[in-house]
Amino acid sequence: MSATMSGSGSAPCRFAHYFVICGIDNETGLEPDALAGENFDQSPLKRTFKSKVLAHYPENIECNPFDQDAVNMLCMPKGLSFRTQRDSRTPQFHSFLITREDGSRTYGFVHTFYEEVTSPQICSAMQTLLQMHQAEHNASAHNCPSSSSSSSSSSSSSSMDSLASSLDEVESPSSTSSSQGGRRSCGCSGEGYDSVRDTLYVSKAMCLITPMPFMHACKHFLSQVHRAVISHQPPPLPLESYIYNILYEVPLPPPGRSLKFHGVYEPILCQRPGVGELPLADFPLSEAFQLLGVENLVQIFTCVLLEMQILLYSQDYQRLMVVAEGITTLLFPFQWQHVYVPILPASLLHFLDAPVPYLMGLQSKEGTDRSKLELPQEANLCFVDIDSHCIELPEDFPQFPNKTEFIQELSEVLLSFGLSPEGGSASPEPAVSSQTSMLVKELKSTSLSELVDDRKNGNLGGEALDVLELLQVNPTLERLQALAKRTGVKVARLEALAAGQKAVGEEGVGGRSPAEEEELRNAKLNVQLREVFAARFATMFADYESFVIQNSPDLESWLTNREQMHNFDKASFLSDQPEPYLPFLSHFIETQMFATFIDNKIMSQWEEKEPLLRVFDGRIEKARLYNVRAPSLRSSVYQKCTFLKESAQAIEQRLRKIDHTAIHPHLLDMKIGQGKYQHGFFPKLQADVLASGPTNNKWSNRTCSTQRRVDRHRQQNDHLVLDNDLKEKYMQEARNLGKNLRQPKLSDLSPAVIAQTNWKFVEGLLKECKMKTKRMLVEKMGREAVELGHGEANITGLEENTLIASLCDLLERIWSHGLQVKQGKSALWSHLLHYQTREEKNEQLLESPVSNGQEKRKPESSVGLPALRVSVIQDMRHIQSMGEIKTDVGRARAWIRLSLEKKLLSQHLKQLLSNQALTKKLYKRYAFLRCEEEKEQFLFHLLSLNAVDYFCFTSVFTTIMIPYRAVIIPIKKLSNAMTTSNPWLCVSGELGDSGILQITKNILEMTFDSAFRPHTHISIAFKCQNLGKLTTVQLGHDNSGLLAKWLVDCVMVRNEITGHMYKFPCGRWLGKGVDDGSLERVLIGEFVVPCNDDDGGRGSKTPPLQRSPSQIRRISITSLTGRGNKPTTVQIQESIGEAVNSIIKHFHKPEKERGSLTVLLCGEGGLVWALEQFFHHGFRSARIFQKNVFVWDFYERTVAFMENADQIGDLQETPEPLGLNCESFCRYVNAINNMPRNIGKDGKFQLLVCLGARDRLLPQWLPLLTECPIITRMYEENALLRDKLTVSSLIAVLETLHDFPITLESSLTKSVEL
């Protein structure tokens, strides 16, 4: 125990925590790895056998406990690998990481090599297995069995099992004959294995486990240890000395400093960024960019930012790690918050079923076709085939802002380092070339100059001489050397050796070796690429602090109420961004990584700033000081990164001038005779020497006392704010809010643990559903409250669309969880298709319409519209008939949007899941959809969305053809209902109009309501491109025949797909010589809220979205004067103010969310309605024989007077502006009178007001009307129009509209020529 403690004392400050050896346990022998998805059709040389941790030093460290199972699984993800002397045995390097529950990481760096099997038992066991395999193969040869096991037809056969079988052990690159000719004959590589004739080799792994990702340093160290093992000469010191040195005597370099320590043969350098620099990232970004190309990498990066599911796919473990770490490094200042497993061990393939965002790496089998890879869910998956340099992206995801310029800047950085932006380096190199590069690397470092200079490690000159002699007498190696030269690899040191000189690396700069120069170059490229990414975020989020909502007095209250709080003003932030950024930003600010970033910002009030946040805030502050940002916040002009040179110089200075040198490896107090060197075999190390570190290491004492001081200081601060335990509890809860499992538990894979993991997923999905529906509900209700005049809007159409897209994604993930067999890319659509097939079969059997799941809606009103059929199948057929949607994922999303708009989402899904036999057939027992209680809660959360109105289908699918049905309802007297003329209709919406629709005359239909009262109406069905929300209907006839006059009550129009119905009140005559003589009327629509269904969840409704003129007004405001219900002067003035305010508010909304301006101009409470009241005040309308006079008559007489006066010459003396105003007023009134349309006198008044508002002429016309002598004949003395003070205040109110561009629908202005 004392050893453990002394080993752990300085652990946080040490470069490496553990040195591990994994391989075959000679005592237990060959154990098949059942978890790795065994395939017995393969040769035993290709099968997976269990590896074991053979030794690890030290035994344990308190701050980083050793997880034996996890380390073994990640050191050798595919278990043990066997080779014979004919196969390639090139050493491989890969890295891995273990993410702990608190999000902290430990890195592992693994050097895998092949060692000869010396155990006769293992050799004979392998030969026996091969003979059995050969016998089975020969017996079944005439059947030509396929390489994969036949799939079971039982419902339990999982797509995961097939995935496992398709991903068996990577076949080693063998000679051509063995990989082609040999495989067909005996099913195994090469000529099989004979224990007498052949030598058997097995894989072994050395691993360093470190707290920080110093990849290059660890790689150099491990490769030097391996060289010492395979070298003909023993190393200068026993291997224990070097391992002890790196475990206990090499410190972590302090921030902003560089460190040199010694490997077996050469010194190794590493450096750590300073406090204000980007955090350490040692994985070569150049490799990630060369593997994928800039454009692909930016697309993957965008998917990661939007927290989609990302699956990396490659034969090479290190490639998986380089790409995964490279992308997560570029996220600065954000951090990936979900499942992160860059190398997914074969035993964890079931984890691809996780219904959460993930970033995982999967090893591909050589020659495996992507099409054979069956993944549980692909609706939201970004699939990255690294070796083929291609990616498959999810549908409908937004592009990264300024993507083109961003790619251009990254390309310039790569080109400046001589790299191609297109990437596309070769796929895994053949064995010869990797041997060449290995050899050349070995040759480059044979001078061992640094250690010779050291004069502490014996005489190494002889070994260098041996190497030179070996090269000169070996023709094969000479050819390889020549090949290396031709491919541009420098061998300066070798030439120096041959010349008998001591090579100090003349090719390097300033006495540095080419290898060190290469490392410096990579480090500079890494940091410059990262700076470009960091600069994009610094530009996009330069003002994020202004939108952080900090309304808690202390940390405790904030943590307690964290879930209920809004921490970031999303709507204001989005309104402040350039338009092109919005699609991306509206999605991104909904992610967990952004939420965590804002949480960290808020918590920084009470505790030390999180390191990434501190650096990012420093960047923004610096940018402000230098005034780098353009003055306009809304500017989308691309700004290049200005820190490239500065950051590269910092790294160069550190690597050129070493700050610290660690203690040299030295002889240890070892037992004589142990640790004996044996060429080609890794020795059994002396455990007692490596179990604990030095007790008097002044460096570790110093660093540990510093660490203790920091800890003490932090604890004191904690006590000032909050009790430590309580705080820790709150912190964990707050940090885990909304987060899911970071990494599967690798150390225990029992069924109980797997079940527990799945249960966590189920709970997480339910919690996510609750949060999403709550957010959608609160935001939408908040917006509708604003439209009713309460508070301020806090959701935009863009945000609403983002929330709905996020709900679609959640439903896809729920339907993908626990699938038995995957079919198609969308699990939800696949389930719907299965349901449709079953229901249609039942329909044919019963020879009746689909009854199961069909709830007919009652007719929405007594208007004679036939009831719409409501069923899951009916809505599916609507979607299937939409040719614009090409994919299953697209169809599923369209179906969700349609169901949500119809307020049937919960009902439809309940109906879908009511077929339990189908659900059991499609899903495993642990699937979310088979957890009854959670499923009920989930459906209840979705039901709550029925409380608000969504137009998420209509507003997104704007180009589809939609069937509509219109019903014209005359006033109930039959004589008024009949007309001999030819009626026509034109329906307009926010997206266009239907065109003129001629209606066959005298096709009156009669229906009876529930009280058996008869109702007559004219019905017309038509199909046209989506009109969006309906705004107006033009209704008219040609006045032909004896019964030409027609008294219309209203027009009803229904969208036959969404079921949305609009009412267009009329209440007026159409006909010459009656009412105002109109043959055509423009009617303004209002959305009809459907009446309650049997489904109780649809009882709560929001108010109508639009209001339209009441029938009282439509019966003719002219007649109000004689009816005793005149509005007061105050009411009239208020109504004008409200109408103008509504129009101003309309223009202050984002353009895509403004809705219909026509309603604000011509609807009830609109500008026309309010001005009509104003002009009717004190108007002498009643005449002898009750023939009404209209306001339009006053306008016509005023024009006649002006034109007459102009001819006489009276207007010659009027001031210039007044004369111009007279001219414009006359021109507009005459143009309206001369147009071919017969819209009646009230219709003409409406058109004049609209045109005057559009052309900013209304305030100029009012003085003309008040000054004209005609006013005395047609208005009472107390009329508002004759009150100069009232008129001047009205002019001032109308002038406020001049700042806004009023555009009119074509239905209003058609045929007017000005």
Side-chain angles (χ1 to χ4, degrees), residues 1076 1117-1118 1120-1121 1126-1127 1129 1132-1133 1135-1137 1139-1140 1161 1166-1181 1183 1188-1208 1210-1234 1240-1298 1312 1314:
D1076 64 348
I1117 288 189
T1118 322
L1120 286 176
T1121 46
K1126 298 175 188 174
T1129 54
I1132 291 170
Q1133 286 169 312
S1135 65
I1136 292 171
V1140 170
L1161 289 170
L1167 186 65
V1168 173
W1169 180 81
L1171 287 177
E1172 218 166 2
Q1173 288 186 325
F1174 178 85
F1175 279 103
H1176 273 288
H1177 187 266
F1179 186 62
R1180 296 169 177 165
S1181 61
R1183 290 290 179 272
N1188 284 338
V1189 179
F1190 295 83
V1191 172
W1192 188 254
D1193 293 323
F1194 167 56
Y1195 287 174
E1196 285 180 330
R1197 289 177 196 181
T1198 303
V1199 168
F1201 172 80
M1202 286 174 180
E1203 289 174 345
N1204 194 32
D1206 190 31
Q1207 286 166 9
I1208 296 168
D1210 285 1
L1211 286 177
Q1212 304 265 326
E1213 288 106 40
T1214 57
E1216 187 69 24
L1218 208 59
L1220 286 173
N1221 295 340
C1222 285
E1223 188 272 327
S1224 69
F1225 182 71
C1226 296
R1227 184 158 51 87
Y1228 275 66
V1229 171
N1230 288 332
I1232 291 169
N1233 272 333
N1234 293 336
K1241 291 180 178 179
D1242 277 353
K1244 289 175 181 178
F1245 171 81
Q1246 175 173 286
L1247 181 52
L1248 184 69
V1249 171
C1250 291
L1251 291 171
R1254 183 192 71 183
D1255 300 337
R1256 303 181 171 93
L1257 293 170
L1258 284 180
Q1260 296 165 25
W1261 289 342
L1262 278 168
L1264 297 177
L1265 298 171
T1266 54
E1267 299 296 329
C1268 181
I1270 303 292
I1271 196 169
T1272 53
R1273 281 180 252 158
M1274 300 192 74
Y1275 278 89
E1276 308 284 354
E1277 201 163 329
N1278 65 345
L1280 285 174
L1281 192 58
R1282 292 182 69 175
D1283 181 347
K1284 289 190 176 174
L1285 198 63
T1286 307
V1287 171
S1288 61
S1289 68
L1290 174 59
I1291 289 170
V1293 169
L1294 292 175
E1295 279 174 344
T1296 59
L1297 295 177
H1298 288 189
V1312 181
L1314 291 167

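The residues of the chain are indexed from 1 along the displayed sequence. In what follows, every heavy atom counts, from backbone to side chain, and hydrogens, waters and symmetry copies are set aside.
Remark: the backbone N or O of Ala1200 is not paired with any side-chain donor or acceptor of Asn1204 at under 3.5 angstrom. Within the 3.5 Å criterion, the main-chain N or O of Arg1273 finds a donor-acceptor partner in the side chain of Arg1180. Counting only distance, with no hydrogens or angles, the side chain of Asp1193 and the backbone of Phe1190 share a donor-acceptor pair below 3.5 Å.
Taking CG of Leu1265 as the start and CE of Met1274 as the end, the distance is 11.5 Å to the nearest 0.5 Å. Between the CD1 atom of Ile1136 and the CG atom of Leu1167 there is a distance of 8.0 Å, given to the nearest 0.5 Å. For the atom pair Thr1198 OG1 and Ile1271 CD1, the distance stands at 8.0 Å (nearest 0.5 Å). Rounding to the nearest 0.5 Å gives a distance of 6.0 Å between CD of Glu1196 and NZ of Lys1241. Atoms CG and CD1, on Leu1171 and Ile1132 in that order, are 10.5 Å from each other to the nearest 0.5 Å.
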Open item on the list: side chain to side chain contact (heavy atoms under 4.5 Å, CB included) for Lys1244 and Leu1248? Distances and angles first, verdict last.
Closed with: CA-CA 6 Å; Lys1244 289 175 181 178; Leu1248 184 69; over 6 Å; no
- [ ] Decide yes or no on ring-ring contact (aromatic ring centres under 6.0 Å, His included) for Tyr1275 and Phe1179, but give the supporting numbers first.
- [x] CA-CA 5 Å; Tyr1275 278 89; Phe1179 186 62; 5.1 Å; yes
Open item on the list: Go through it in stages, so that I can follow the logic: the residues are Trp1169 and Gln1173, the test is side-chain hydrogen bond (donor to acceptor under 3.5 Å, both in side chains), and I'd like the CA-CA distance, side-chain angles, deciding distance and then a yes or no.
Closed with: CA-CA 6 Å; Trp1169 180 81; Gln1173 288 186 325; 5.8 Å; no
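A 4.5 Å side-chain heavy-atom check between Glu1203 and Cys1222 finds every atom pair outside the cut-off. Here the side chains of Leu1258 and Glu1295 are not in contact, with every heavy-atom distance at 4.5 Å or above. Counting only heavy atoms from C-beta outward, the side chains of Leu1294 and Leu1262 approach each other to under 4.5 Å. Counting heavy atoms from C-beta on, the side chains of Trp1192 and Asn1233 come closer than 4.5 Å. Side-chain contact between Asp1255 and Ser1224 is absent, with no heavy atoms from C-beta onward closer than 4.5 Å. Glu1172 places none of its side-chain heavy atoms less than 4.5 Å from the side chain of Val1191. Gln1260 places a side-chain heavy atom less than 4.5 Å from the side chain of Leu1257.
For Leu1280 against Val1287, the heavy-atom pair with the smallest separation is O-CG2, 3.8 Å. The two residues Ser1288 and Leu1285 have their closest heavy-atom pair at OG-O, 2.8 Å. Thr1266 approaches Leu1281 most closely through the heavy-atom pair CG2-O, 3.1 Å. Residues Ala1279 and Gly1178 approach most closely at CB-CA, 3.9 Å, considering heavy atoms.
Take Thr1129 and apply the side-chain hydrogen bond (donor to acceptor under 3.5 Å, both in side chains) test, not counting sequence neighbours, and it matches no residue. Every residue two or more places apart in sequence or in another chain that forms a ring pair (Phe, Tyr, Trp, His ring centres under 6.0 Å) with Phe1225 is listed here: Tyr1195, Trp1261.
Within the structure, every pair that satisfies the side-chain hydrogen bond (donor to acceptor under 3.5 Å, both in side chains) test and touches residues 1276-1286, not counting sequence neighbours, is listed here: Asp1283-Thr1286.
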